[in-house]
Amino acid sequence: MHFIELNHISHNYQDKFVLNDFSVAISPGKTTCLIGPTGCGKTTVLRLVAGLETPSAGTITINYKIVSETGRIIVPPHQRNIGYVFQDLALWPHFTVRENIAFGLKARKEKNIGNRIGELLDLFRISDKTEKYPHQLSGGQKQMVAIARSIALQPEILLMDEPLANIDTHLKQNILEHVMQLQQRLNFTMLYVTHNHREAFQTGDIIVVMNEGKMVLKGTKDEIINSSDRFIKSFLEN
Amino acid sequence: MPAILLTTLVAPLAFLITDWFTQTDKSALFAFLNRTTLLLIGKSLLMAGLSAFFATLAGGLCSFFLHKLSFKWNRFYKIALVMPLLISPYIFAVAWNGGLHLVLGNDASIFSSAGVVLVHSLVFLPLAFIIIGSALSQINATYEEAGLMLVSFKKMLVRIILPLVKPAILISFLLVMIFSLSDFSVPAYFGVQTFTTEIFTQFSALYNFPLAIGQSVLLLTICFAIMFSEAKYLSDSPFFTISLKGNTSKKYSINRGKGFLHLWFWFLLFISLVLPVVLLTIQSSAGNWLIIKKAWQLLEPTFGYSLGLAFTGTVIITLSALWIAYTARVYNSKLPNSLMMIIFVVPSTVSGISLIRFYNHPSLAFVYGSFLIILLAYLGRFGFIASRIIANGLKQIPESLMEAALLAGASPVKIFFSITIPLLIPSLLATFILSFILCWGELGVVIMVYPPGAELMNIKTFTISANAPLALTSTMTLLNLCITCLLIAMFLLTGRVLFKKYSYAFY
């Protein structure tokens with residue numbers, strides 16, 4: 001059995017099917033990248049794993065326990081021990097950097113909140129930005145705060161939804177390396193969504209290629225590159 | 001909430017229609033459909049249509065100038081132009097009616113209908129300005145830039161901008177028409193008989209309830225029919241929005257015609273704000289200090305009650321609107337919004353009659369005979385606007401901010417108070433200020449439903465005007481105007497500070 005399993009998941013927004021009988025299994029402590037063209041259902045997979053969406057059909061298992069099944073969320077999002085970095089980062093604009101990171105720790109009444117925040121600020125090299133508001137930060141600093149906030153609760157799973165889509169290549173490279181080091185150090189399972197296959201090849205241990213709500217292929221970087229599938233070939237060429 | 005709205009505000013309307021339909025004398029069902037009434041409806045529709053046309057045309061032009069062109073004093077004009085909407089229409093009616101008599105003497109009555117159209121056009125111009133202006137400022141700059149790459153500015157204006165703001169122009173015209181058709185205070189001051197004043201007279205002066213109810217049902221039908229075509233757009237009301245930082249609308253700098261623009265805006269401000277104040281001042285100074293003292297003596301006892309009632313009404317409206325908007329967003333519950341829209345479209349006179357007929361019952365005397373009926377009237381009149389401002393404010397908060405809090409382990413209550421409310425402060429603030437000013441100036445429904453002993457400033461001025469000399473009425477109106485302006489200034493100053501402090505750009 002795998003750490004995260006999506007079994008025969010279907011999901012629709014109003015009348016449009018976004019996922020259709022989609023199944024995937026994800027191993028613990030690894031980075032799995034979901035790639036595919038815009039609208040293929042990558043973000044929906046993350047939102048289903050997080051518990052922000054209810055599947056129309058199928059079951060989702062996390063840590064060997066069913067968390068969602070057809071039309072029902074069994075384990076609510078905050079009890080799944082998941083960190084989520086949203087595409088728009090979702091930093092609360094009325095909170096400072098410190099308050100953004102502290103929010104979840106306070107909500108769960110954690111101890112030593114001050115020390116924990118201090119460690120995270122040092123780890124992400126944003127100690128001098130503690131009392132700044134999100135609009136006072138650069139793009140890269142915002143990404144750092146968003147990632148720091150998502151791992152503050154020491155999640156078992158980190159979901160990243162194209163968090164580096166809007167930043168320049170050099171900065172992207174730095175942040176990616178930082179995240180990969182972090183993943184190895186903290187050993188969480190990471191699900192990383194991107195439409196950029198180069199980013200996926202650099203980050204992912206396993207790559208899942210998606211198209212029109214279905215999985216086309218799951219494999220290592222080499223298996224994807226050497227695939228004879230027409231869709232994958234054309235996707236990689238573009 | 002839907003149950004409360006249904007029982008308190010929708011039930012009176014249903015009761016009114018049932019009342020009309022089940023009257024014992026079936027031959028009287030359509031008694032109001034005679035030649036005189038039809039002519040009166042035609043006249044009222046024509047006057048309302050003209051008011052709507054002028055208000056939309058002038059408001060649309062102002063919107064374009066102020067939202068699309070960049071020139072000095074732009075912000076000042078934007079604020080000043082909205083002012084007439086915050087002042088009760090009858091104040092302008094007193095000023096202009098007195099002014100006409102001052103200049104023309106007894107011949108003034110010939111121009112009374114034109115006076116009503118003029119006052120309605122000026123008073124409702126800001127509404128058109130807000131609606132069309134909001135639509136213009138929401139047009140993404142890239143749409144216009146893409147158009148400008150292919151065609152001239154004029155063609156882009158006609159083929160890109162105009163079609164995009166067409167729904168706003170249409171809804172502005174229809175709303176002004178309904179407001180103009182349903183207002184009775186302005187025609188009453190000018191002595192012009194319209195369908196609304198006729199209903200008011202039949203109900204309040206002649207006690208001909210069956211006729212007044214029949215006429216009310218007809219007016220209600222006309223208003224619903226007018227709004228029906230654009231009900232969907234009105235239901236969303238994207239124009240009642242407090243825009244946040246980061247607007248991407250395109251503005252054009254101009255080299256020529258700035259003088260004309262300033263002239264245009266000063267002319268509008270002169271006839272809609274300066275001249276009425278001057279006219280009121282002239283009319284009131286026809287008396288002497290004794291008249292001012294007398295006017296103050298009459299108004300002073302009403303001040304505290306008016307303020308308290310407007311404040312209570314505002315709190316109720318803001319909280320109800322927050323509830324309606326929040327449940328619509330979180331639970332996708334659309335019924336309360338639809339109910340508020342239906343109540344909003346109901347003319348004030350009809351609304352007043354329905355409330356009286358429904359609550360004038362021994363078991364409901366605690367509502368009918370107390371300030372509660374006024375609070376209900378406030379909620380019915382302004383609840384929709386308030387809920388739309390808050391709903392549009394909520395729409396601007398990205399869903400991901402709430403989802404991030406949910407994943408962090410915050411309870412729905414914690415999310416509501418820690419994330420939603422702080423981010424909604426600008427919209428809540430705007431709702432509070434606008435609702436207060438509107439409650440403060442409300443006359444249409446309150447004049448019909450106010451219980452004995454309820455001394456409100458507007459009612460006092462309005463009711464005394466029938467028998468008091470013009471100088472006293474004008475002085476009371478001027479004092480009322482001064483207090484209103486003082487309240488608006490106070491709210492704008494404190495609101496500005498708080499708005500600056502609590503508005504955030506979502507990225």
Side-chain angles (χ1 to χ4, degrees), chain A residues 14 43 46-47 49-53 73 75-96 99-110 133-139 142-143 145-147 149-155 157-159 161-163 166, chain B residues 140 142 232 236 242-248 322 328-334 390 392-430 497-507:
Chain A
Q14 285 156 354
T43 298
L46 287 203
R47 292 177 64 81
V49 172
L52 297 172
E53 302 284 344
I73 285 180
V75 179
H78 66 278
Q79 288 175 10
R80 294 187 183 192
N81 201 13
I82 286 175
Y84 197 131
V85 183
F86 290 83
Q87 189 169 13
D88 63 358
L89 304 181
L91 293 178
W92 299 301
H94 59 306
F95 288 162
T96 61
E99 288 165 339
N100 259 287
I101 298 172
F103 185 85
L105 295 166
K106 281 183 184 168
R108 294 194 188 180
K109 298 188 174 79
E110 298 271 334
Y133 285 91
H135 71 271
Q136 296 170 313
L137 303 175
S138 68
K142 282 179 196 167
Q143 316 273 351
V145 177
I147 300 168
R149 184 181 70 179
S150 64
I151 64 159
L153 291 165
Q154 294 167 318
I157 301 164
L158 182 65
L159 308 175
D161 187 4
E162 302 203 37
N166 298 316
Chain B
N140 195 311
T142 53
K232 170 92 184 65
D236 286 343
I242 302 303
S243 61
L244 298 167
K245 293 169 186 169
N247 201 324
T248 56
L322 176 63
R329 161 123 186 199
V330 178
Y331 305 110
N332 205 16
S333 142
K334 289 177 182 158
I390 297 178
N392 289 333
L394 273 173
K395 243 187 226 173
Q396 293 182 57
I397 303 175
E399 188 74 33
S400 57
L401 295 183
M402 273 79 140
E403 289 173 348
L406 186 72
L407 284 165
S411 65
V413 178
K414 170 105 177 149
I415 294 172
F416 181 73
F417 286 107
S418 301
I419 308 291
T420 313
I421 292 290
L423 297 178
L424 207 55
I425 285 177
S427 300
L428 287 171
L429 213 59
V497 175
L498 291 171
F499 192 86
K500 260 191 173 172
K501 191 175 172 189
Y502 291 106
S503 54
Y504 308 98
F506 305 115
Y507 40 85

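Both the backbone and the side chain of B:Ser418 come within contact range of chain A, each with at least one heavy atom under 4.5 Å from a heavy atom of that chain. Neither the backbone nor the side chain of A:Arg80 has a heavy atom closer than 4.5 Å to any heavy atom of chain B. If you measure heavy-atom distances from A:Tyr133 to chain B, you find no contacts under 4.5 Å at all.
In this structure, the side chains of A:Tyr84 and B:Leu406 stay at 4.5 Å or more apart for every pair of heavy atoms. Counting heavy atoms from C-beta outward, A:Glu99 and A:Thr96 have side chains that approach closer than 4.5 Å. Using a 4.5 Å heavy-atom threshold, the side chains of A:Asn81 and A:Ile157 count as separate.
Tested against A:Gln143 for a side-chain contact (heavy atoms from CB on, under 4.5 Å), the candidates A:Leu137, A:Val85, A:Leu89 yield a single pass: A:Leu89.
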